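Just below is one structure, and these are the notes that go with it.
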Amino acid sequence: MASKGAGMSFSRKSYRLTSDAEKSGVTGIVHEKLLNDYLHHIFSSPDHAPPTTTSRKPLNFQNLPEHMDQLLQVDNEDEESQEEVEGRLGPSTVVLDHTGGFEGLLLVDDDLLGVIGHSNFGTIRSTTCVYKGKWVYEVLISSQGLMQIGWCTINCRFNQEEGVGDTHNSYAYDGNRVRKWNVTTTNYGKAWAAGDIVSCLIDLDDGTLSFCLNGVSLGTAFENLSRGLGMAYFPAISLSFKESVAFNFGSRPLRYPVAGFRPLQDPPCADLVRAQRLLGCFRAVLSVELDSVEGRLVQKDSSEWQLQGQPTVLLTLAHIFHRFAPLLRKVYLVEAVLMGFLLGIVEKGTPVQAQSLVHQVLDLLWLFMEDYEVQDCLKQLMMSLLRLYRFSPIVPDLGLQIHYLRLTISILRHEKSRKFLLSNVLFDMLRSVVFFYIKSPLRVEEAGLHELIPTTWWPHRSSREGRESKEVKEETTEERQRRRAYERGCQRLKKRIEVVEELQVQILKLLLDNKDDNGGEASRYIFLTKFRKFLQENASGRGNMPMLCPPEYMVCFLHRLISALRFYWDEYKASNPRASFSEEAYIPPQIFYNGKVDYFDLQRLGGLLSHLRKTLKDDLASKANIVIDPMELQAATMDDLDEDEEPAPAAAQRPMQALAIGGALPLPRPGWLSSPTLGRANRFLSTAAVSLMTPRRPLSTSDKVKVRTLSVEQRTREDIEGSHWNEGLLLGRPPEEPEQLLTENSLLEVLDGTIMMYNLSVHQQLGKMVGVSDDVSEYAMALRDTEDKLRRCPKRRKDILAELTKSQKVFSEKLDHLSRRLAWVHATVYSQEKMLDIYWLLRVCLRTIEHGDRTGSLFAFMPEFYLSVAINSYSALKNYFGPVHSMEELPGYEETLTRLAAILAKHFADTRIVGTDIRDSLMQALASYVCYPHSLRAVERIPEEQRIAMVRNLLAPYEQRPWAQTNWILVRLWRGCGFGYRYTRLPHLLKTKPEDANLPSLQKPCPSTLLQQHMADLLRQGPDVAPSFLNSVLNQLNWAFSEFIGMIQEIQQAAERLERNFVDSRQLKVCATCFDLSVSLLRVLEMTITLVPEIFLDWSQPTSEMLLRRLAQLLNQVLNRVTAERNLFDRVVTLRLPGLESVDHYPILVAVTGILVQLLVHGPASETERATSVLLADPCFQLRSICYLLGQPEPPAPGTALPAPDRKRFSLQSYTDYISAEELAQVEQMLAHVTAASAQAAAASLPTSEDDLCPICYAHPISAVFQPCGHKSCKACINQHLMNNKDCFFCKATIVSVDDWDKASNTSTSAA
């Protein structure tokens, strides 16, 4: 190890301890008197009362070992070594009883101190019990869910429903429900949160049991405990699925020791005394300097100490570490002695001084200790640091967290220590992501938020949504002052949090350093290896329990990683002008197919990687110069077929890592589990001896080599960064990709992993944290309602006033608490800086997708999560960061919206994308996009050819594809233009509880005339576009409405049964969905008829008559079903069942009315008459159904005015807020026209023989004959049939042609 002091190099061998006489002749040793004074100063007696100069024995390096033996002699060592302690039974090392003291399924850590619930309510106890005296142990709460922590006896029997506290002689505290348990339960204590420490105290002298939370007593929980013969109490816990804790029985110093109570496991007192004395000697070395010229000792501040290579000092240190090194391998001594010493250095000195001294201390550790000793010491030191950081309470200045992070930075600045920790500890044994997390305080008063934010405020949002006008209440002067005071408090809090965040970013900058490659691999490439495995374990374990890396940790890790990544990206740009800024970052497409980066089993846009390599191997060869060996292709195929079989070497290397009743179960090591002790859980306990399922692929690299892929561990710096003959990660650049230097290749891989992190769990957590803001809104609404009631309440009703005042106080206190907590959430999760990070990721994904799209077929290699992150990050920016921060304030906002619109418009029907989930996500994103004016305008700004292509895909026939979302998109483009179609919420729902106004379905209408025009132009082009599209729409309308009618029949029958019964909620949901689909399909037909009426009314086109007859048939069926007096539809609507809120007369009848008005009122007279004749000719037509629209039971007499509507009956005249006077006049005109035409048709109609009617519909006369079979039907039936099938109705012969048939002419021909 090269010492940094004085530029000198010291070999470990030079300072081996010897006792021969040559020692005194070593050059550089000071003279005897000065050496004697120096050694006596360093190795003074423990009582710090050194003898006089004349009486003390001279010290030199020959007799120093003997003197140190006396110095380290512990008087009461023999007493402490006794194994039996009165009042305690069991092993002296206390752990969890994993052999028989548990019930249910549990995962325990290597050290048998951490446990994770893996079943409904598992229970486990310790190996040691107590029967006399006062005892305490601590529990570190890793998750704040359902747990019961306390004590039990050996006779307590537990199961999956009853745990600690649910039986006699078992006692528990439950901070999740804030209760205590002993068969019965009562309120007790405070709510706990993840990161809290619970102290469990039992006093068997007085027979009492109590608990503390973070060192604060919660009071006596139980008294009069059963004591006596056979009564001994074990520490025990019951915890539900996924919950995790870690126990400290005394193997580490208690965080909150309690006077008079001793831990269950005795501390190593003798070793502790020795370690403290040796530390005192080491401190003395740091605080004194030898002045050999003047022959005296010079006192100095330890922060100024420098290792100058003096042999006397080095030999002294060698003697100290010879005794100190074995002690520094023990976790208790590291945490109690070394940790306190290093924290003292950080707290007292300036950052520069602290860094220098810690660096020299680590130099000395590596110099004087064996490698395995210093490695164990660093491992225990980092584990202790992580534990201290995670389980420290939140204080107003975050001082504790800051000190622990500063010490972590000081340690990681030491190159050799950093590389060792990064290679072996940070990601392998610890959950180092904890260092980047700032936990949210559950109890704001304990976190000091009252002092930081003395004044609270919350936004007053409008609670009603319905008609377009909203009342905006003016902000009063008092409210404005409160808001500004609250904002100032939030800024104070944010500044304190930013200090912690900056320290966390510094840690990542150290881990991403790539210039420390002296004598080994640079830190960044070690980090890349560990980071990729971390991503693999979280991606492979997604959906499995227990959760791997908690989402709240991922959010913080993501933001810190982005900050460090952009720092190094722009730093590289500063030294390489040809490189790009981080604002222009993207992932080159060749990374997705050249095999340099492993994406595990994540889905690609085109399907499985092995399938893509086989089908696109020619494209890879021609575009990217990548040739795949056929033998390797075959091996990859066999690997996919045999992926359930584990390679023998991997199986052989796995240890026996699971214990259960009846023996050991060989299980794969669960990677990166949610270990409460920050390590890896590797024992699976099961009372039923049930093993965990083996993952489909082992997490270690497969022995079967993938095509042109290096395992993560095998890659070198050259494989990543490349060289003059090797492009590294950028191998296989396609011709469409520009030859532009972006940045270092390693940073591209970090960026790729960051995007994957967002997809794994960050987006989900961002949505979850919005719940705090929603709670504030709900309580604010409740408080306003209560205050309104107080103002209206008569003063004589004192009882009501008292209750309302009490409610007002409760709501105000809750809002005070939530508003302060919301300030914390906004500072840590939803700040402006965090918003810019997510926005940057969105823009990176957009550029990556654009570059990948240019590669043609190779676009299929892109992982699906890039499109998912582009969609989800936009959704997060739009929905999660408001109202404090608006997306419209972001730089380049309009351009970004347009680019995302272009991607959605192009790829929602991209044939290169085969995954149904990602296709659905694209479709839903586009549907949401067109619901908001600003994003709809972005769609209109994309190039015209892309808009037309999008509309063409929307008009593709609905068969053989998911059509509901595309139909919804077309409806949104029309909403605001249709008949009575300007509402946001249906009229009958306005009095119900308001819904989330951010839902796409509740946005104000924003039709797009530009896209409507594209639709009209496309429907006019070509003979097949409009018929195929409309035929599919009519088919789906027929299906949806028929399904709806069938379901409401079943619902009505169930409701009429005398016995009590319940309608399945899923059936109600499906029923409502079919109704909504019917309405939306009718609206699409209305839009089509409005934009392109000639499709139905210009009978020179071959399919117009058939489409018009089908449309009339369906319209009549809908009207008859919905408007019949006291019919099925009426009865179901009257029931108002939950789940069927959207089912009502208005939405479906106004849609039908809009179609009828377009057909019968607008347009030339010839077309109107043609539509009228088809409508009246349909056998299902009933004039009464048309009259129903205006509330008339029968058609009015000619020349009479319409009577006023009956309020008990449905009438469009009752919805004057939703239907204009002009629209009502058109309905009246239509009714008058249909009434007159119906009377005229009835007078002119002639009876028709049944033999002359179409044998299919019995509604129209026979008018067509099929060739060659000769069977006959009406033209409407055969034309509709030929849209989907070419076989005859009757004989199944293939129809070659259809000829006109007239009875009279055919009769005369037969007679002749």
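Numbers for residues simply follow the sequence, beginning at 1. Not measured: the values here are computed from a predicted model.
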Notebook entry, point to check: Between Phe249 and Phe247, how do the two ring planes meet: parallel, tilted or perpendicular, split at 30° and 60°?
Noted result: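 Ring orientation of Phe249 relative to Phe247: parallel.
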Next item on the list: Assign the ring pair Tyr880 / His763 to parallel, tilted or perpendicular, where the plane angle (0 to 90°) is split at 30° and 60°.
Entry: tilted
Can you tell me how far the [atom1] atom of [X] sits from the [atom2] atom of [Y], to the nearest 0.5 Å?
X: Leu421; Y: Ile526; atom1: CG; atom2: CD1; result: 10.5 Å
X: Arg418; Y: Thr408; atom1: CZ; atom2: OG1; result: 13.5 Å
X: Tyr389; Y: Leu407; atom1: OH; atom2: CG; result: 13.5 Å
X: Cys377; Y: Met382; atom1: SG; atom2: CE; result: 10.5 Å
X: Tyr372; Y: Lys379; atom1: OH; atom2: NZ; result: 15.0 Å
X: Thr529; Y: Phe427; atom1: OG1; atom2: CZ; result: 11.0 Å

Tell me the closest heavy-atom pair linking [X] and [Y], and the distance in Å.
X: Leu343; Y: His403; result: CD2-O, 4.0 Å
X: Ser244; Y: Met147; result: O-SD, 4.4 Å
X: Leu239; Y: Val115; result: CD1-O, 4.1 Å
X: Met554; Y: Ser761; result: CG-OG, 3.3 Å
X: Ser217; Y: Cys212; result: CA-SG, 3.7 Å
X: Trp824; Y: Ser440; result: NE1-CA, 3.4 Å

Are [X] and [Y] side-chain neighbours, meaning at least one heavy-atom pair lies under 4.5 Å?
X: Ile197; Y: Asn248; result: no
X: Tyr332; Y: Asp271; result: no
X: Glu833; Y: Lys494; result: yes
X: Thr743; Y: Leu751; result: no
X: Leu381; Y: Leu328; result: no
X: Met835; Y: Tyr830; result: no
X: Trp569; Y: Leu748; result: yes
X: Glu373; Y: Leu365; result: no

Do side-chain atoms of [X] reach the backbone of [Y] as a donor and acceptor pair under 3.5 angstrom?
X: Ser575; Y: Tyr572; answer: yes
X: Arg820; Y: Ile453; answer: yes
X: Glu138; Y: Tyr256; answer: yes
X: Asp570; Y: Phe581; answer: no
X: Tyr568; Y: Lys509; answer: yes
X: Lys439; Y: Phe391; answer: no
X: Asn514; Y: Ala522; answer: no
X: His359; Y: Gln355; answer: no
X: Lys190; Y: Leu213; answer: no
X: Asn538; Y: Cys549; answer: yes

Check: Stepwise, does the salt bridge (Lys or Arg N to Asp or Glu O under 4.0 Å) test hold for Lys834 with Glu501?
Finding: CA-CA 11 Å; Lys834 309 299 185 302; Glu501 292 178 345; 3.0 Å; yes
Check: Can a salt bridge be assigned to the pair Glu537 and Lys533 using a cut-off of 4.0 Å between side-chain N and carboxylate O?
Finding: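 No salt bridge links Glu537 with Lys533.
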Item checked: Pair Asp513 + Arg413: basic N to acidic O under 4.0 Å ->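 Salt bridge flag = no for Arg413 with Asp513.
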Note to self: Does Asp371 form a side chain to side chain contact (heavy atoms under 4.5 Å, CB included) with Trp366? I'd like the steps, not just the answer.
What the structure shows: CA-CA 7 Å; Asp371 283 351; Trp366 284 103; 4.0 Å; yes
With no hydrogens and no angle check, do the side chains of [X] and [Y] hold a donor and an acceptor under 3.5 Å apart?
X: Gln375; Y: Asn424; answer: no
X: Trp840; Y: Ser582; answer: no
X: Ser523; Y: Asp516; answer: yes

Notebook entry, point to check: More than 12 non-hydrogen atoms from neighbouring residues, nucleotides or ligands closer than 6.0 Å to NZ on Lys348, yes or no?
Noted result: no
Next item on the list: Look at atom NZ of Lys515 and say whether more than 12 heavy atoms of other residues, nucleotides or ligands are closer to it than 6.0 Å.
Entry: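 Above 12, so yes.
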Margin query: Go through it in stages, so that I can follow the logic: the residues are Leu449 and Arg821, the test is side chain to side chain contact (heavy atoms under 4.5 Å, CB included), and I'd like the CA-CA distance, side-chain angles, deciding distance and then a yes or no.
Written below: CA-CA 8 Å; Leu449 295 189; Arg821 189 159 176 238; 5.8 Å; no
Next item on the list: Sort out for me which residue in Phe321, Phe324, Trp305 forms a ring-ring contact (aromatic ring centres under 6.0 Å, His included) with Phe282.
Entry: Phe321
Next item on the list: Determine whether the aromatic ring centres of Phe557 and Tyr553 lie less than 6.0 Å apart.
Entry: no
Item checked: Chi angles and distances behind the side chain to side chain contact (heavy atoms under 4.5 Å, CB included) call for Leu508, Phe567 -> CA-CA 11 Å; Leu508 274 172; Phe567 168 81; over 6 Å; no
Note to self: Checking Leu385 against Ile411 for the side chain to side chain contact (heavy atoms under 4.5 Å, CB included) test, could you report, in this order, the C-alpha distance in whole Å, the side-chain angles of both residues, the deciding distance, and whether it holds?
What the structure shows: CA-CA 11 Å; Leu385 259 178; Ile411 294 172; 3.8 Å; yes
